[in-house]
Amino acid sequence: MVSLNSFELRPDAVSLVNVLPACGSLGAWKRGKQLQGYAIRRCLHEDVFVGNAIVDMYAKCKRLDDANKVFELMEVKDVVSWNALVTGYSQIGRFDEALGLFERMREEEIDLNVVTWSAVISGYAQRDLGYEALNIFKGMRLSGAEPNVITLVSVLSGCAAIGALRQGKETHCYAIKRMFSLEGSNTEEDLMVTNALIDMYAKCKEMKIAHAMFDDIDRRDRNVVTWTVMIGGYAQHGDANDALELFSAMLKDEYSVIPNAYTISCALVACARLSSLRIGRQIHAYVLRQGYEPTIVFVANCLIDMYAKSGDVDAARLVFDNMSQRNTVSWTSLMTGYGMHGRGEEALQVFNVMRGEGLPIDGVTFLVVLYACSHSGMVDKGMNYFNHMKGDFGVVPGAEHYACMIDILGRAGRLDEAMKLIERMPMEPTSVVWVALLSACRVHKNVDLAEHAAAKLSELESENDGTYTLLSNIYANAKRWKDVARIRSLMKHSGIRKRPGCSWVQGKKETVTFFVGDRCHPMSEKIYDLLEDLIHRIKAMGYVPETNFALHDVDDEEKGDLLIEHSEKLALAYGILTSAPGVPIRITKNLRVCGDCHTAMTYISKIIEHEIILRDSSRFHHIKNGSCSCRGFW
DNA sequence: GTAGGGTTAG
């Protein structure tokens, strides 16, 4: 409401609405409050623009109760104030209250504008509630409000969050229609929609479409987000090697776009997936040179994860120790690192320090604690944490925590207890639970329970190549060949193929990949010669090939899959041939390491001058002087 | 002169 004397006071109102947003973005609510007092003394607070600016200032400073108080006192409640509150509640995680306001707006028949709709859509999208976001979008179009670029970007982000390709494509079509009908063309706005589309296609695993759209953008027009969504797409949903190539192309690009913290994080995720310590270190050096201060926590957390997953958890610790600020993720990333390297005691030490510092302990923290216990064989400790997480920390165990406990009990061979725990679950057991049980059955040779778990997985329609391979191995181990054959034909029938095992080894300048029986590498002859020699020598030391593992193959073409040709053995031989004495050999395998390879490597570690650092899909194995850090807890 | 948006970690 514009007051009667507002005309002569108008310049002051204008300066207030110019200054208040600055208080909001700085979080300087005390200064904002002074300005509010000044406005009241001068009767400026009745100016609707000033009122809106005050509400927004408090909302931006995360003082929603203050914002609400001002809002309730406003004589005329402007839609801008409503919107500021909706956004404010959404930003501080009180989204229910934001939705309550949205409902109130509809009841009081406030004219919802494009900003209101977009705020609610993006609120849902940011919480990965894509279907709800799409629903609001539908409501918006029915209401006759005109979506704009920001609306479209928010909707696409919702589609991306849930991998909704069909709805994403529909939104794409809608965007094309709308863009054509808009007057003139705005490259910057077009680019935002295009970036959102690339991200959506990448998150729906449609990397070809994403890359085609990326290629279609004029090189000069790509901005840092364009590059980042593409790199992040490859890092998470495609070949991580492509992500690193793109990152390198970005640095060399003549229209030089500078990577930001998001870009760096995506590149580090790619390094983590590939265990690429060499490139990870280079990016770390780049980070130190550039100094990503404002978002350093995020980047440092990625560095912790990258170092841990690349086999150097001590470097991860150094990054952690040097951080000036940490959040929950920093702590849990380090704990996960210790966990996957079988250093469970250190993981629990970190957990205790974390508790001592009074940091919030959430469901993920316990998942990480249980994971660490599981990979270090700490059954009783794990059980103890599991039993106390609700009472002592108020964290209710979810299906994933149960799955972790099944894993812990299963690895320790306590299958009956594991099954009893499943029966006691207050929720429906998820596929993760049954996979944990099935894996335990493989190690402890329990065919009946394995069949039960496999049947449950089938009910949940979440059988995959891993399930079939596990079951086939269990049958083979029990010499039930008919069942092995049955599984084999079942796989053929349903078109499920065993994922080919592949291992890669970190060379000084490059990474070399090997598949089963690979003879593509120029050094192949030397590799096989060395392997034969090594096998011969360790046989003399007592190594007996575990031929059960040769029965893995469920594919006729893989009949020649002899133990000596397994990709991890080839990678090891290559590593020995190309590494200087004393330098650790770092191998990564996409599947679980084969049991025979594990045994053979343990023997070989006695006769070579390298530590073998092997990462498989389950954990790290540090193999040295005839023993492995996993101590049998796979 | 006020309100809404895209890319990152456990």
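Note that the coordinates shown come from a computational prediction; the quantities given were computed from them, not determined experimentally. Heavy-atom basis, side chains included; hydrogens, waters and symmetry copies ignored. Order of the sequence lines fixes the chain letters, A, B, ..., with proteins taken first and strands second; residue numbering starts at 1 for each chain.
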Any donor-acceptor N/O pair, A:D56 side chain to A:N52 backbone, under 3.5 Å: no
Just call it for [X]: base, sugar-phosphate, or nothing, with non-hydrogen atoms closer than 4.0 Å on any strand.
X: A:N195; answer: base
X: A:V225; answer: base
X: A:V364; answer: base
X: A:Q91; answer: sugar-phosphate
X: A:T116; answer: nothing
X: A:V79; answer: nothing
X: A:S118; answer: base

Does A:H284 have any ring-ring contact (aromatic ring centres under 6.0 Å, His included) partners at least two apart in sequence or in another chain, and if so, which? A:Y307
Using whole Å, report how far [atom1] of [X] lies from [atom2] of [N].
X: A:L191; N: B:dT7; atom1: CG; atom2: P; result: 14 Å
X: A:D56; N: B:dG4; atom1: CG; atom2: P; result: 6 Å
X: A:L268; N: B:dG10; atom1: CG; atom2: C1'; result: 15 Å
X: A:K203; N: B:dG6; atom1: NZ; atom2: P; result: 11 Å
X: A:F49; N: B:dT2; atom1: CZ; atom2: P; result: 8 Å
X: A:I150; N: B:dT7; atom1: CD1; atom2: P; result: 14 Å
X: A:K60; N: B:dG4; atom1: NZ; atom2: P; result: 4 Å
X: A:L244; N: B:dT8; atom1: CG; atom2: P; result: 16 Å

What nucleotide, of [options], holds the atom closest to the side chain of [X]?
X: A:D362; options: B:dG4, B:dG10, B:dT7; value: B:dG10
X: A:C302; options: B:dA9, B:dT8, B:dG1; value: B:dA9
X: A:T336; options: B:dT8, B:dT7, B:dG10; value: B:dG10
X: A:V80; options: B:dT2, B:dT7, B:dG4; value: B:dT2
X: A:F298; options: B:dA9, B:dG1, B:dG10; value: B:dA9
X: A:S157; options: B:dG6, B:dT8, B:dA3; value: B:dG6
X: A:T87; options: B:dA9, B:dG4, B:dT2; value: B:dG4
X: A:N223; options: B:dT7, B:dG1, B:dG6; value: B:dG6
X: A:T151; options: B:dT2, B:dG4, B:dG10; value: B:dG4

Is there a donor in the side chain of A:Y255 and an acceptor in the side chain of A:D218, or the other way round, less than 3.5 Å apart? no
Measure centre to centre between the rings of A:F320 and A:W331, then say whether the value is under 6.0 Å. yes
Near-ring test A:Y234/A:F214, centroid separation under 6.0 angstrom: no
Do A:N113 and B:dG4 share a donor-acceptor pair, side chain to base, under 3.5 Å? no
Determine whether a donor-acceptor pair (one donor, one acceptor, N or O, separation below 3.5 Å) exists between the side chain of A:D78 and the base of B:dA3. no
Result for side-chain contact (heavy atoms from CB on, under 4.5 Å) between A:V153 and one of A:V149, A:L156, A:I150 points to A:V149
Side-chain N or O of A:Q236 less than 4.0 angstrom from OP1 or OP2 on B:dA9? yes
Any side-chain heavy-atom pair of A:M105 and A:N83 under 4.5 Å: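 Counting from C-beta outward, A:M105 and A:N83 do come under 4.5 Å.
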